[in-house]
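Values below: all heavy atoms of this structure, side chains included; hydrogens, waters and symmetry mates excluded.
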Amino acid sequence: MCRLWAFLFVALYSIESIAFINGQTLDGGSEPGIDYQKLLAKLEILDTKITRVETASREQFSLLESKLEKIFKQVENISWSVQSVQKDVEFVRKEIQQFKNYSREQLNLLTDSVAIIQSLLVEGRRPKDEQHPAKGESSLRRLNMQQPQSQLVEQKIYDSCDVVPRNGSQIEKLQPEAGFGEAFSVLCDQEYENGGWVVIQNRFNGSVDFYRGWKEYRNGFGNLNGEFWLGLDKLHALTYSAPYEIHVLMEDFENRTVVAKYARFAVGNEHESYAITRLGDYSGTAGDGLSYHRETKFSTMDMNNDLPGNNGAVDWTGAWWYRRGHHSNLNGQYLRGAVDYTKFHGKGMTWNPFRGYDYSLKRSRMMIRRILQNTQ
C-alpha cells in the first residue's frame, strides 16, 4: 500500500506539471484538459487492479497458512503414531523375552524330571546285589545310587543350612520361621568355610539369562543344580528371621579367585522394594563393591527403583541394587572377559573393584550364613 500511495503522489505531481505546461493550474478556474482526465481515469483503474491483486494475495496467503497448519498437525499425528508403534514393539519384545525365559525354565525342569525317571528305571532293573554294594565300595558311589531314591522320601525341613547334616553340598528344604510362608528348596554349600551356607546366586557358564523382570527376581528362577537366582522373597524371609552374613565368591577367566565378605546382610520386603537394609563391615580380597549400594532398592527391566532420572536395570542390562550407576553388577550379561567399552561398558557380570567396568567375570557365587548367637 505504501508503494501505491507513492506511485499516486508521483502521478499527481506529473499531472500538475503537465497542467502548468499547458498554461493551466489545478487550482485555477479553468476546466482540466482532456489528457489530464484520461490520466486520472487510468490511475483509478490501476488503483482498482492493485486493490484486487492485494485482496487475492491475502486470500492465497490465508489458504497457504491453513494448508501449512494441516500439514503440521499431520506431522504431529505421524510422530505420535511412530512413538506408539515403538512402545508396542518394545512391549512385544519384552513379552517374547519373558516367554523365552519361561520356556527355557520349563525345559530345564522337564529335563531334570526325565533324568530322575531314567535313574529310577535303571535302579529298578539293577540286580539286588548291585543295589546293596559291598562294604568297601566308594561312599560317593553309594550316595549317587541312593540320591534318586531320596526323591521319594519326605524331605526334612530345617530353618537354615547351618543345622543341616554335613553330608556334602545338596538341595534342602528350609522354613526360616514357623508360619513365615511355605518351606522352599535351597542349595546348601557345606564345603566352603565349615559349611552352613545358603547359596542365593550362582553363575558359571551363562546358560541362564539373568536379564529378567520383577516377578521372576521376586520368586527366583533357574535350576538349583546349575545357574540360578534364589528369589528376593526367600532372601527377605531368611535375613529377617535371624542375623546373616554374606560372602561373594568370584573368578575371572585367568582363574584368579577372590572373595568379598560382609559381616551382616539383610534385605527388606517387597513393600520396601527389597532394599539392602543392613550391610556390615567389608573384608576380603575382591574389594568393596557392595557398600555403595547400601539402603538402595532393587531394580529390574520392568521395575525402576533407581534414583530419579536414572534407569539402572535398562542402562546396565541387569537387575541389581542400582544407585545412579553401580560398583557391582553380578546379574548383568555373561560376556566372557574383557568387553568393548563402547558397547558393553558396565553391562557385564562385573565387580568393579576387582576387574573394573569393562570385564565380565567367569563365576559368581553369592552365599549367606546365619550368625549363631553363641558365636557373636
Side-chain angles (χ1 to χ4, degrees), residues 105 157-164 171-189 196-203 208 210 212-224 227-249 260-282 289-307 312-313 318-323 326 328-331 364-373 376:
E105 195 170 319
I157 297 176
Y158 303 92
D159 59 354
S160 188
C161 285
D162 58 81
V163 294
V164 174
I171 297 173
E172 301 287 352
K173 277 210 166 186
L174 302 185
Q175 190 171 29
E177 289 182 346
F180 199 94
E182 297 181 357
F184 50 84
S185 297
V186 303
L187 174 61
C188 291
D189 188 318
W197 296 89
V198 181
V199 182
I200 65 172
Q201 185 248 37
N202 195 34
R203 301 185 72 182
V208 174
F210 272 64
R212 302 190 180 214
W214 183 262
K215 183 178 179 180
E216 291 177 285
Y217 268 94
R218 179 187 65 199
N219 300 332
F221 57 85
N223 190 321
L224 292 177
E227 293 196 328
F228 67 89
W229 173 262
L230 182 60
L232 292 165
D233 265 351
K234 301 179 184 71
L235 190 53
H236 166 69
L238 288 165
T239 58
Y240 267 64
S241 66
Y244 272 80
E245 60 181 320
I246 183 171
H247 285 195
V248 184
L249 283 67
K261 305 177 181 181
Y262 296 88
R264 289 293 180 90
F265 182 71
V267 170
N269 58 26
E270 187 170 16
H271 179 70
E272 299 169 299
S273 300
Y274 302 112
I276 298 178
T277 55
R278 187 161 192 180
L279 188 67
D281 294 335
Y282 160 81
L290 199 57
S291 292
Y292 175 79
H293 302 273
R294 183 186 286 110
E295 298 181 357
T296 302
K297 298 178 180 179
F298 199 85
S299 290
T300 61
M301 63 163 72
D302 58 349
M303 181 67 73
N304 180 25
N305 291 313
D306 202 344
L307 296 178
W320 200 248
W321 295 276
Y322 297 109
R323 183 182 141 219
H326 63 74
S328 54
N329 189 32
L330 294 181
N331 291 334
S364 167
R365 191 177 181 93
M366 300 174 66
M367 301 185 293
I368 61 173
R369 182 171 63 181
R370 184 168 59 175
I371 302 172
L372 301 177
Q373 298 299 324
Q376 295 186 27

Locate the shortest heavy-atom distance separating W214 from E270; write the atom from each residue and the value. NE1-OE2, 2.9 Å

Applying side chain to side chain contact (heavy atoms under 4.5 Å, CB included) to R365 and V199, what does each step give before you reach the verdict? CA-CA 7 Å; R365 191 177 181 93; V199 182; 3.6 Å; yes

Is there a donor-acceptor pair under 3.5 Å between the side chain of Q175 and the backbone N or O of G181? yes

CZ (R294) with more than 12 external heavy atoms under 6.0 Å: yes

Checking the side chain of D302 only, and the main-chain atoms of G213 only, is there a donor and an acceptor separated by less than 3.5 Å? no

For K261 and I246, indicate whether the former's side chain and the latter's backbone hold a donor-acceptor pair under 3.5 Å. no

CD (E272) with more than 12 external heavy atoms under 6.0 Å: yes

Tell me the closest heavy-atom pair linking S328 and G289, and the distance in Å. OG-O, 2.7 Å

Evaluation steps, side chain to side chain contact (heavy atoms under 4.5 Å, CB included), between Y322 and T296: CA-CA 7 Å; Y322 297 109; T296 302; 5.7 Å; no

Working to the nearest 0.5 angstrom, can you tell me the gap between F228 CZ and I200 CD1? 9.0 Å

Test item: C161 and L174 side chains (from C-beta on) under 4.5 Å apart, heavy atoms: yes

Value for CD1 (I157) from CD (E172), rounded to nearest 0.5 Å, stands at 11.0 Å

When you measure from the side chain of E227 to the backbone of V208, do you find a donor-acceptor pair of N or O atoms at a distance under 3.5 Å? yes

Using 0.5 Å steps for rounding, measure from the CG atom of L290 to the CH2 atom of W320. 6.5 Å

Smallest separation among heavy atoms of D306 and G312, with atom names: OD2-N, 3.1 Å

For H247 together with W197, are the ring centres under 6.0 Å from each other? yes

Is it the case that the side chain of N305 and the backbone of F298 share a donor-acceptor pair, with hydrogens and angles ignored and the cut-off at 3.5 Å? yes

Side chain to side chain contact (heavy atoms under 4.5 Å, CB included) between V267 and W321, intermediate numbers included: CA-CA 11 Å; V267 170; W321 295 276; 4.2 Å; yes

Can you tell me how far apart CG (L372) and OG (S160) are? Round to the nearest 0.5 Å. 8.0 Å

How about K234: does its NZ atom have over 12 heavy atoms from other parts shown lying under 6.0 Å from it? yes

Is the closest side-chain heavy-atom distance between I371 and R264 below 4.5 Å? yes

Compare every heavy atom of N304 with every heavy atom of S299, then report the nearest pair and how far apart it is. OG-C, 3.9 Å

Without swapping roles, check the side chain of Y274 against the backbone of L235 for a donor-acceptor pair under 3.5 Å. no

Could you report the tightest heavy-atom contact between Y262 and S291, atom names first, then the distance? CE2-OG, 3.8 Å

Plane angle bin for F210 and Y217 - parallel if under 30°, tilted between 30 and 60°, otherwise perpendicular: perpendicular

Return the NZ to CG distance between K297 and L307, rounded to the nearest 0.5 Å. 10.0 Å

Quick check: do H293 and L279 have side-chain heavy atoms less than 4.5 Å from each other? no

Under 6.0 Å from the ring centre and within 45 degrees of the ring axis: does the NZ or CZ of R323 meet both conditions for the six-membered ring of Y292? yes

Minimum heavy-atom distance between L330 and R203, given as atom pair plus value: O-NH1, 2.9 Å

Assess the residue pair T239 and T277 against the criterion (side chain to side chain contact (heavy atoms under 4.5 Å, CB included)); give the C-alpha distance rounded to whole Å, side-chain angles, the decisive distance to 0.1 Å, and a yes or no. CA-CA 10 Å; T239 58; T277 55; over 6 Å; no

From NE2 (H271) to NE2 (H236), nearest 0.5 Å: 11.5 Å

